Each structure stands twice: as structure tokens, then as C-alpha cells.
2 protein chains.
Amino acid sequence: MSKPSKTAPQRSDHETRVTDDHHESLRLWLRMLSCTNLVEAHIRSQLRLRFQTTLPRFDLMAQLERHPEGLKMGELSRRMMVTGGNVTGITDQLVAEGLVVREDNPKDRRAYIVKLTKEGRRVFREWAVEHEDWVIRLFEGLGEKEKKQLYDLLARLKQFVGSLGTGN
Amino acid sequence: MSKPSKTAPQRSDHETRVTDDHHESLRLWLRMLSCTNLVEAHIRSQLRLRFQTTLPRFDLMAQLERHPEGLKMGELSRRMMVTGGNVTGITDQLVAEGLVVREDNPKDRRAYIVKLTKEGRRVFREWAVEHEDWVIRLFEGLGEKEKKQLYDLLARLKQFVGSLGTGN
DNA sequence: CCACAAATATTTAAGGTTAAAATATTGTGG
DNA sequence: CCACAATATTTTAACCTTAAATATTTGTGG
């Protein structure tokens with residue numbers, strides 16, 4: 001399907017098809033990237049305006065909110081899909097702001113357990129409600145059915161890309 | 001739950017554990033974000049390994065390649081969706097590397113015209129071929145029809161989000 | 001012509017990001 | 001017990017990114 005090939009099919013062959021596919025995938029990727037950038041820019045801007053915070057800070061707290069038992073630095077780094085050194089810096093800030101704590105782990109003194117503080121939980125719950133509102137508004141251009149379609153297509157993409165290994 | 005099983009692969013990204021029915025848009029957004037991050041990580045890694053360059057550098061050159069007449073700094077910044085100060089730094093590097101030039105514009109001495117050099121065009125053409133190859137492999141998990149569906153859904157999303165204004 | 005707003009680009013300060021090196025702890029085989 | 005690999009985190013250097021402040025030039029109304 002969709003290999004109509006407006007060009008002279010005098011030799012409709014492998015090369016032609018590969019070339020078409022290249023352009024399709026590339027255009028799809030660029031569109032996906034700009035969509036994500038647009039949404040992300042909105043959210044960053046709102047986090048800054050409304051809560052004087054940043055997306056990585058928010059993201060780290062969101063991970064901890066889903067894991068009340070606490071997470072190690074390395075777990076945070078994997079879940080946030082950033083490198084470990086990065087988590088160190090962001091955690092330092094949040095500790096300084098009193099929103100998270102590093103708890104010593106007597107079982108393994110290499111690894112902390114990072115948790116939200118009481119204040120961190122309180123603050124994050126407020127933020128999360130408003131954050132979800134922004135997201136809902138940003139995706140209002142799609143209907144229920146479209147959202148589900150998009151969700152499912154992205155599931156397939158994610159699974160495939162994830163299966164290719166971390167990318168050396 | 002209190003014991004982090006070592007065997008569980010644990011997808012480990014933005015998307016884990018948001019299973020409430022009423023949070024469709026949020027889940028969709030988190031999935032979209034992690035898809036984009038996965039693909040982007042692959043590409044950054046390859047650009048670094050294969051060409052010792054970075055995504056912003058590559059992106060700037062890609063914009064110039066599509067506009068042989070040259071672009072002003074501000075145009076680059078809009079197309080790349082980054083702030084102007086950013087483009088200054090990346091352009092400085094590429095000029096130092098001999099891949100782009102700032103041409104003085106006698107019509108308006110506020111604005112340069114930035115273009116690829118001959119060497120820049122040569123190098124970018126090589127890079128672009130391989131870059132397209134990476135992208136097509138990353139999206140091979142989707143069929144033709146699925147790619148088209150995804151492309152169209154993202155078009156709707158992009159148009160809607162774009163219509164909301166810049167947000168601040 | 002002149003004052004001044006608008007447009008363009010750069011600089012600055014603060015923070016996010018990475019890969020690689022360094023540090024510290026744990027576990028294991030000999 | 002000891003050497004040594006594996007694990008967990010931090011540090012470092014380089015780069016990307018932003019928002020705000022600073023020139024510089026252009027255009028316009030008076």
C-alpha cells in the first residue's frame with residue numbers, strides 16, 4: 001500500500017521503495033519532535049510562571065510521589081531517563097528547598113533512599129492537579145478515539161525502539 | 001513492593017504507574033515524551049559516535065541545507081525552536097569549524113545571513129544519508145499505514161497546540 | 001533632523017545534560 | 001583475610017538552554 005510511485009515505474013524496484021520510506025520516517029520523526037517540543041515548552045513555561053520550578057525538578061518529585069517507599073539515586077536516574085550525575089544536582093536543590101530528603105540506608109551505605117518530605121508531598125499534590133489541567137488542555141484538539149489511537153501507536157513505537165537496546 | 005526485584009526489567013521512564021482511568025491525556029503525554037526521548041537518545045548517541053557532533057549542530061546545518069539562500073539568526077532560532085542566544089553560540093562553533101559562514105547583509109546591518117560553506121554542504125550531505133538510515137530503522141516497528149496514521153494524528157495535535165499561542 | 005519604538009543579535013547568569021573519571025562501599029573467589 | 005570486580009554515587013569539564021539585560025541598527029512620527 002502507498003507505493004503509488006508517481007515516478008516512471010519502468011523499474012519499480014527496491015531502491016525506489018527504500019527512498020520513499022526514508023522520507024516518510026524522517027518526516028514523521030521531525031513532526032513528532034516538534035509536537036513534543038511545543039507541548040514541553042508550554043509546560044516548562046507554566047511551571048516557571050506558576051510555581052517557580054523546572055521540569056526536571058517536577059519530574060523527580062513525580063517519580064517519588066509514585067514511590068512513597070523511596071527510590072535510590074540510580075533508580076531515579078533510570079526512570080527519569082537522565083544520567084546519574086544529573087540526578088545528584090537536582091536532588092541537591094530539592095533537599096536544599098526542603099522538598100525531598102536523602103535517607104541513609106544502613107543496609108548499603110553506598111546508596112541513599114530519596115523520599116519526598118511532608119512539605120514536598122503537600123506541594124507536589126497541588127502542582128500535579130494544575131499540571132494535569134495544562135496537559136488536558138493541550139490535548140483537547142484530539143477526541144477520545146484519536147487519543148486512544150495515538151496512545152496505541154506510540155505503544156508500538158516505544159516497544160520497538162526500546163527493544164533495539166540502549167543505543168551503545 | 002518493599003523489595004525491588006532485581007530481575008524485573010522495569011521499563012523505568014516517565015510512564016510507569018499512571019493507571020487511573022481518568023488520566024488519559026496525562027498518560028498519552030508521558031508516553032509521547034518517553035518515545036521522543038528514546039528516539040532522540042539514539043540519534044544523539046549516533047551523531048556523537050559517528051560524526052563527533054551534536055544534535056543542535058546537526059539541526060542548525062539541516063535548516064541551512066533546506067535554505068541555500070541563507071537564514072538570519074532569528075529565523076534559525078524560530079525554526080530550531082530554541083532561543084536566540086543559543087543560536088549565537090552554536091553558530092560560533094560551526095563558523096570556527098568552517099562549516100557555516102556569517103555573511104554581512106548590506107540591506108540591514110543588524111542581521112547576518114548564515115549559510116553553509118562548501119565544506120559544510122559536503123559534510124552535511126554525508127551525515128544526512130546516514131541520519132535518515134538511523135531514523136528509518138527506529139521507525140521500522142510501524143507499518144506504512146501506521147506511520148501515516150501517526151503522522152496525521154500528530155498533525156492535528158501540532159496544529160491545535162500551535163494555535164494556543166506561545167504560553168507566556 | 002531627532003527622539004524613540006521596534007527589530008536583531010549578543011552577552012550574562014543560572015541551570016540542565018552528558019560522558020568520563022574519581023570515590024566509596026559491597027560482595028566474592030582464593 | 002585480601003585482591004578485585006561490581007555497584008552506587010559524586011565530581012568534573014564541556015556543552016546546551018533559557019530569560020533577561022545590553023548594544024546596535026532601522027524605521028517612524030513630530
Side-chain angles (χ1 to χ4, degrees), chain A residues 33 36-37 40-49 51-61 70-97 100 102-114 166-168, chain B residues 4 6 12 33 36-37 40-49 51-60 70-97 100 102-114 166-168:
Chain A
L33 186 54
T36 300
N37 283 342
E40 207 171 323
H42 269 266
I43 292 175
R44 280 182 197 275
S45 165
Q46 296 281 38
L47 283 174
R48 188 172 171 283
L49 287 174
F51 307 133
Q52 293 78 53
T53 194
T54 65
L55 191 50
R57 280 178 174 90
F58 182 86
D59 192 11
L60 192 149
M61 292 177 72
L71 291 171
K72 294 190 287 184
M73 301 294 278
E75 289 173 335
L76 275 170
S77 128
R78 277 189 300 278
R79 288 177 199 282
M80 295 171 66
M81 303 204 289
V82 297
T83 54
N86 204 339
V87 174
T88 297
I90 296 166
T91 303
D92 285 349
Q93 295 178 8
L94 291 172
V95 168
E97 294 167 18
V100 312
R102 279 184 172 96
E103 284 185 1
D104 279 329
N105 182 356
K107 300 281 191 182
D108 184 344
R109 289 192 321 229
R110 291 170 301 183
Y112 307 108
I113 302 294
V114 184
T166 51
N168 41 60
Chain B
K6 299 171 187 136
S12 77
L33 184 55
T36 301
N37 283 341
E40 207 171 321
H42 269 267
I43 293 174
R44 281 182 197 277
S45 165
Q46 296 282 38
L47 284 174
R48 188 171 172 284
L49 287 174
F51 307 133
Q52 295 77 51
T53 194
T54 64
L55 191 50
R57 280 180 175 88
F58 182 86
D59 191 12
L60 193 149
L71 291 171
K72 295 190 288 186
M73 300 294 277
E75 289 173 333
L76 276 170
S77 127
R78 275 189 300 279
R79 288 176 199 280
M80 296 171 67
M81 304 206 285
V82 297
T83 53
N86 205 340
V87 174
T88 298
I90 296 165
T91 303
D92 286 347
Q93 295 178 10
L94 290 172
V95 168
E97 294 166 18
V100 312
R102 280 184 174 94
E103 283 186 0
D104 280 330
N105 181 357
K107 301 280 190 181
D108 183 344
R109 290 192 320 228
R110 293 170 299 184
Y112 306 109
I113 303 294
V114 185
T166 53
N168 52 354

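Scope of the values below: all heavy atoms of this structure, side chains included, with no hydrogens, waters or symmetry mates. Nothing here was measured: the structure is a model prediction, and the numbers come from that model.
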Between [N] ([atom2]) and [X] ([atom1]): distance, integer Å:
X: D92(B); N: dT12(C); atom1: CG; atom2: P; value: 13 Å
X: M80(B); N: dC15(D); atom1: CE; atom2: C1'; value: 13 Å
X: R44(B); N: dC15(D); atom1: CZ; atom2: C1'; value: 11 Å
X: R78(A); N: dA8(D); atom1: CZ; atom2: C1'; value: 10 Å
X: N37(B); N: dT18(C); atom1: CG; atom2: P; value: 9 Å
X: M73(B); N: dT10(C); atom1: CE; atom2: C1'; value: 8 Å
X: D59(B); N: dT17(D); atom1: CG; atom2: C1'; value: 14 Å
X: D108(B); N: dT8(C); atom1: CG; atom2: C1'; value: 7 Å

Kindly say if [X] contacts the phosphate of [N], meaning a side-chain N or O under 4.0 Å from OP1 or OP2.
X: R57(B); N: dC16(D); value: yes
X: Q93(A); N: dG16(C); value: yes
X: K72(B); N: dT8(C); value: yes

Worksheet, complete the sentence: Between P56(A) and R109(A), the residue closer to the 5' end of DNA chain C by nearest nucleotide is P56(A)

Taking any heavy-atom pair under 4.0 Å as a contact, classify [X]: base, sugar-phosphate, or nothing.
X: N86(B); value: base
X: R48(A); value: sugar-phosphate
X: G74(A); value: sugar-phosphate
X: S77(A); value: nothing

Discussion item. Could you measure the distance from the CE atom of M73(B) to the CD1 atom of I113(B)? Nearest 0.5 Å is fine.
Written reply: 11.0 Å

Discussion item. How long is the straight-line distance from CD of Q52(A) back to CZ of R57(A), given to the nearest 0.5 Å?
Written reply: 11.0 Å

Item to complete: Report yes or no: does S45(A) contribute a side-chain atom to a donor-acceptor pair with the main-chain N or O of A41(A) at less than 3.5 Å?
Response: no

Worksheet, complete the sentence: Between P56(B) and I90(B), the two heavy atoms sitting closest are CB-CD1, 3.5 Å

[X] side-chain proximity, nearest of [options]:
X: T88(B); options: dA19(C), dA8(D), dA9(C); answer: dA9(C)
X: R110(A); options: dT10(D), dA6(D), dA7(C); answer: dA6(D)
X: V82(B); options: dT17(D), dA9(C), dT25(C); answer: dT17(D)
X: I90(A); options: dT10(C), dT17(C), dT8(C); answer: dT17(C)

Worksheet item: Going through the distances and angles, do E75(B) and R79(B) end up as a salt bridge (Lys or Arg N to Asp or Glu O under 4.0 Å)?
Response: CA-CA 6 Å; E75(B) 289 173 333; R79(B) 288 176 199 280; 5.4 Å; no

